[in-house]
Amino acid sequence: MVRAGLNTERLVRAGAELADEAGFDQVTVSALARRFDVRVASLYSHLKNSQDLKTRIALLALEELADRAADALAGRSGKDALGAFADVYRDYAREHPGRYTAARHPLDPETAAASAGARHAQLTRAILRGYDLAEPDQTHAVRLLGSVFHGYVSLEAAGGFSHSAPDSQESWTRIVDALDSLLRNWPAP
């Protein structure tokens, strides 16, 4: 019998918490059942399987990130918007490491198209309008920003910058400055 109060949303949120605590790769329906002290079979009325759970956590993470980014960008432009956007990703990865990993979980094309991932691209492109980049350079810049932000956040999370000076925050600030300069002076093809 399913324990009262369990529903898909509650299970997905608990799965997201588990991802933050133990790592996204540790999230399974079995682990979630242990968390609620119920039989695994009782969760299958809410979730298809562990892949379904992970996909739903990924969708939650993408939505949370898009909401935070939209809030951070409101009323900002140029370097101020770029820095706020970058900080959203870095802060989210620090606060929710498992969810941040989940946001990179592969989605099928239909699910990806319906997800908040499209909002991320729109928000990035909104920032880039302030730099007056036309296609295909705008797409190149979207990919550059995503690569730099994700790469830095991933290396920092793995402790890659904790062993030397200058402080990681100082490097982050300089990187955002460098990206702003690059975007204002985008090289011709």
Side-chain angles (χ1 to χ4, degrees), residues 12 16 19-20 24-25 51-52 54-161 166-189:
V12 171
D20 288 338
F24 186 61
D25 58 330
Q51 181 61 33
D52 179 42
K54 286 185 171 190
T55 296
R56 290 172 184 271
I57 294 168
L59 294 172
L60 172 67
L62 287 169
E63 188 73 33
E64 288 176 343
L65 263 168
D67 289 346
R68 284 185 181 202
D71 288 346
L73 291 177
R76 297 177 189 227
S77 63
K79 183 180 171 186
D80 189 36
L82 178 65
F85 190 71
D87 287 345
V88 163
Y89 282 86
R90 187 173 181 222
D91 292 346
Y92 189 81
R94 288 172 160 180
E95 293 170 31
H96 301 290
R99 293 179 208 205
Y100 182 79
T101 300
R104 304 288 175 265
H105 183 66
L107 301 173
D108 66 75
E110 186 177 317
T111 303
S115 77
R119 283 179 58 208
H120 292 267
Q122 291 168 346
L123 291 166
T124 306
R125 288 179 186 278
I127 293 167
L128 293 174
R129 278 194 293 275
Y131 292 99
D132 200 29
L133 294 177
E135 284 299 348
D137 290 330
Q138 194 175 91
T139 296
H140 297 316
V142 167
R143 292 173 180 168
L144 170 72
L145 294 177
S147 299
V148 171
F149 298 157
H150 178 66
Y152 194 92
V153 164
S154 296
L155 290 169
E156 185 177 48
F161 307 132
D167 179 78
S168 181
Q169 179 59 44
E170 183 179 340
S171 293
W172 181 252
T173 301
R174 295 294 306 271
I175 287 168
V176 172
D177 289 345
L179 288 170
D180 173 66
S181 180
L182 172 62
L183 292 170
R184 282 187 284 110
N185 300 289
W186 193 261

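When reading the values below, keep in mind they use all heavy atoms of this one structure, side chains included, and skip hydrogens, waters and symmetry mates.
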E110 atom CD: more than 12 heavy-atom contacts under 6.0 Å: no
Is any side-chain heavy atom of L183 closer than 4.5 Å to a side-chain heavy atom of I127? no
To the nearest 0.5 Å, how far apart are CH2 in W186 and CG in L128? 8.0 Å
Proximity of Y100 and H96 rings by center, below 6.0 Å: no
To the nearest 0.5 angstrom, please state how far the CD1 atom of I57 sits from the CG atom of D52. 10.0 Å
Is the closest side-chain heavy-atom distance between L82 and L145 below 4.5 Å? yes
Any non-hydrogen side-chain atom of D67 less than 4.5 Å from a side-chain atom of R119? yes
In this structure, OH of Y152 is separated from CZ of R90 (nearest 0.5 Å) by 5.5 Å
Are any of the side-chain heavy atoms of F149 and V88 separated by less than 4.5 Å? no
Sub-4.5 Å side-chain heavy-atom contact between R94 and E156: yes
Contact between R125 and T139 at the side-chain level, heavy atoms closer than 4.5 Å - yes or no? yes
Quick one: are E64 and E95 in side-chain contact, heavy atoms under 4.5 Å? no
Nearest 0.5 Å, what's the OG1-CZ distance between T111 and R56? 10.0 Å
Looking only at heavy atoms, what is the nearest atom pair of F24 and G98, with distance? CB-O, 3.7 Å
What distance do F85 atom CZ and H120 atom NE2 have between them, rounded to the nearest 0.5 Å? 7.5 Å
